Engineer: 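Dropping a structure here in structure tokens format, bear with me for questions.
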Amino acid sequence: MTPSRAFDAILADERRSAMRGAALVSLIVLACLFSLWATGFFDAQRFAESGPAISQLASEMVPPDFSRWQTWLRPLADTLAMSIAGTALAVVISLPLAILAAPNTSPHPAVYFVLRTLLAFLRSVPELILGVLFVAAVGFGALPGVLALSLHSVGMVGKFYAEAIEHVDPKPLEAARAAGASDMQVILHAVLPQVLPQLTDVTIYRWEYHFRASAVLGIVGAGGIGFELMAALRLLNYDQVSAILLSILACVVVVDSIGAFLRKSLK
Amino acid sequence: MLELKGLNRSFGSHRAVRDVTLEIGSGEIVGVIGRSGAGKSTLLRMINRLIDPTSGSILFKGVDVTQLKGAELRDWRRRSAMIFQQFNLVGRLDVLNNVLMGRVGHVSSLRSLTGLWPRDDRAMALSALDQFDIANLAAQRAETLSGGQQQRVAICRALVQEPELLLADEPIASLDPRNTKIVMDALLRINRHYGITVICNLHDLDLAREYCGRLIGMAAGSVVFDGAPEALTPDVARDLYGLEANEVMDPNGGIRAMPMPTPAATVAA
């Protein structure tokens, strides 16, 4: 084949792959537009009619009513405690599961497969549903909230941990094994030191998420500030609703900055 | 002391090691030479049982190590330390903890769960580093060290295993000439000073001649030479390397010239 013909072939290949890319992007855009239409987003009339209701709600929310702030302190503290406890529990359960669910540390492909499936199942059950179930099981309060948060998180955290473990450099593992390390020692001395930064990152991210999620869990009676939020909503005290939302926002900002600080100093 | 009898290893249809029978005495320093893919690495890994032989046996002081399992296998690996071409350190971990990894075979299984090293082990690791002039690096992350320093850390890790045998798999292939000398001197010292038997894979013939008391030449998985460095005449060396060179060479090979774009100068003119 002469060079020019070879180049033509390469250029034709390149054009074909560009066309494929363009076709794919058009398909995605079409899917987005269709979904917006199917869910009623292009129904201008509904938006037009909702105008007065929205402005009514907004005017009731402003100014926020902070007069009951003292009764919110305890639920906010509960929410914070729930987020920390939920994270701790999630980490303790996730780590051993992740080791069994990573192909390079799993004792058997069947174990690996079963655990991956279990983790997928756990994260596919929303924590709100878990919250409802645990409230039914152990009664109202922070405890069902913590159980719901951690169980749902095990599915997510376990998956991230397992993926971090899966991608470790295998060479130090080989060295540990060659020195006579048991499986446990290989994990302890060769795997964990390599993945610790990623595990920390995932854990801190999850804690930040837990704080936001536990604020919602109160709605189903699983303790924390969400309970107050639900009560204010039920009583149509929208000025209190906005005050509680602002309080949650303030706490989220604090939690996120503590998270950022931890991330930096644990590196 | 170490006897390999009719050792074979196949990977699929490829026979990496063919019918190797050898005897290696206590305190020897043996260089295994040959080109890449000659089966040197597979041979060494079989001795430490990182790879299991397809057939044959490996006897150490009369015990067939190919039959060992569980705690006995781990103890054998502890006694036959290994050094790797890529050092195989945990980059994020400091140097001292990398050396301490060599102590895994000595701590009780209960204690090992804590991940904490006994004080005596720490002292031993530090003194090992000191012997190779890198004690001052003990607190540094391994990944910040040069290749030569990292390989010395790996040698210290092997040394604190208190092994009877040291298996070095291309220990200097990733190093520059200066670090090559430092690392080879370190291996020689381990052999002379501690009386540890050293088996070292090398593809550099001159280096093997300089440091080893005995050379074993491998080609296409088989031992084709076994003797003193002096016995390895240029003819034998050519046989050893040439045999494989012929096999690797593609009879229809050769690189065809690629057409190039016309130079800009020609276009302008």
Side-chain angles (χ1 to χ4, degrees), chain A residues 1-11 14 91-92 95-96 98-100 102 104-105 107-108 161 164-203 263-267, chain B residues 44-45 47-51 70-94 97-107 109-117 141-143 153-154 157-158 160-163 167 169 258-262:
Chain A
M1 201 188 283
T2 64
S4 75
R5 278 185 40 211
F7 288 165
D8 283 347
I10 293 169
L11 290 175
E14 202 269 345
V91 168
V92 169
L95 193 56
I99 288 165
L100 298 174
N104 50 344
T105 50
H108 194 272
Y161 280 12
I165 291 171
E166 186 177 346
H167 293 118
V168 295
D169 177 3
K171 294 198 292 288
L173 280 62
E174 184 186 39
R177 223 166 263 132
S182 63
D183 291 344
M184 196 65 209
Q185 287 173 321
V186 171
I187 289 164
L188 204 61
H189 297 296
V191 176
L192 288 185
Q194 289 193 62
V195 295
L196 223 47
Q198 285 117 295
L199 301 200
T200 318
D201 238 25
V202 168
T203 309
R263 216 172 266 128
K264 203 158 41 182
S265 42
L266 287 175
K267 203 150 257 170
Chain B
L44 227 61
R45 277 153 199 265
I47 296 174
N48 175 277
R49 292 279 310 276
L50 280 178
I51 297 176
E72 283 182 331
L73 172 60
R74 293 199 296 276
D75 190 57
W76 164 241
R77 285 174 169 166
R78 197 274 301 160
R79 288 159 66 201
S80 58
M82 192 128 188
I83 291 169
F84 303 86
Q85 177 179 345
Q86 300 292 332
F87 330 128
N88 294 17
L89 304 177
V90 180
R92 284 195 65 255
L93 226 47
D94 67 37
N97 272 295
N98 267 293
V99 177
L100 281 164
M101 203 194 274
R103 297 298 293 170
V104 284
H106 290 274
V107 291
S109 52
L110 199 65
R111 169 139 207 167
S112 77
L113 287 180
T114 66
L116 302 172
W117 300 105
R141 283 190 185 193
E143 65 200 358
V153 173
R157 178 177 63 192
V160 299
Q161 286 180 226
E162 301 179 276
L167 307 164
D169 188 15
M258 275 286 289
M260 290 295 286
T262 317

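Here is the naming used below: chain letters follow the sequence lines, and residue numbers restart at 1 for every chain. All heavy atoms count here, side chains included; hydrogens, waters and symmetry mates do not. Keep in mind the model is a prediction, meaning the values are calculated, not measured.
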Engineer: Heavy-atom distances under 4.5 Å only: say whether B:R79 touches chain A with side chain, backbone, both or neither.
Structural biologist: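 Contact with chain A involves no heavy atom of B:R79 at all.
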Engineer: Looking only at heavy atoms, what is the nearest atom pair of B:W76 and B:I47, with distance?
Structural biologist: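 Closest approach of B:W76 to B:I47: NE1-O, 2.8 Å.
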Engineer: Taking B:D75 first and then B:R78, would you say they form a salt bridge - that is, a charged N and a carboxylate O separated by under 4.0 Å?
Structural biologist: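 Judged by the 4.0 Å cut-off on N to carboxylate O distance, B:D75 and B:R78 do form a salt bridge.
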Engineer: Heavy atoms only: give me the nearest B:R92-A:P193 pair and the separation to one decimal.
Structural biologist: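 Nearest heavy atoms, B:R92 then A:P193: NH1-O, 2.5 Å.
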Engineer: Could you tell me which of A:P172, A:A181, A:A190 has the largest number of non-hydrogen atom pairs under 4.5 Å with chain B?
Structural biologist: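 Among A:P172, A:A181, A:A190, the one with the most close pairs to chain B is A:P172.
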Engineer: Is B:E143 atom CD crowded by more than 12 heavy atoms from other residues, nucleotides or ligands, each under 6.0 Å away?
Structural biologist: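 Atom CD in B:E143 is crowded, with more than 12 foreign heavy atoms closer than 6.0 Å.
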Engineer: Counting only non-hydrogen atoms closer than 4.5 Å, does B:R103 touch chain A with its backbone (N, CA, C, O), its side chain (CB onward), both, or neither?
Structural biologist: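 Neither part; nothing is under 4.5 Å.
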Engineer: Using a cut-off of under 4.5 Å on heavy-atom pairs, state which of B:N88, B:I83, B:V90 scores highest against chain A.
Structural biologist: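 Looking at each option in turn, the highest pair count goes to B:N88.
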Engineer: For B:L89, which atoms come within 4.5 Å of any heavy atom of chain A: side chain, backbone, both, or neither?
Structural biologist: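 Just its backbone gets close to chain A.
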Engineer: Check B:F87 against B:R157 and note the closest heavy-atom contact, atom names and distance.
Structural biologist: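 Here B:F87 and B:R157 meet closest at O-NH2, 3.0 Å.
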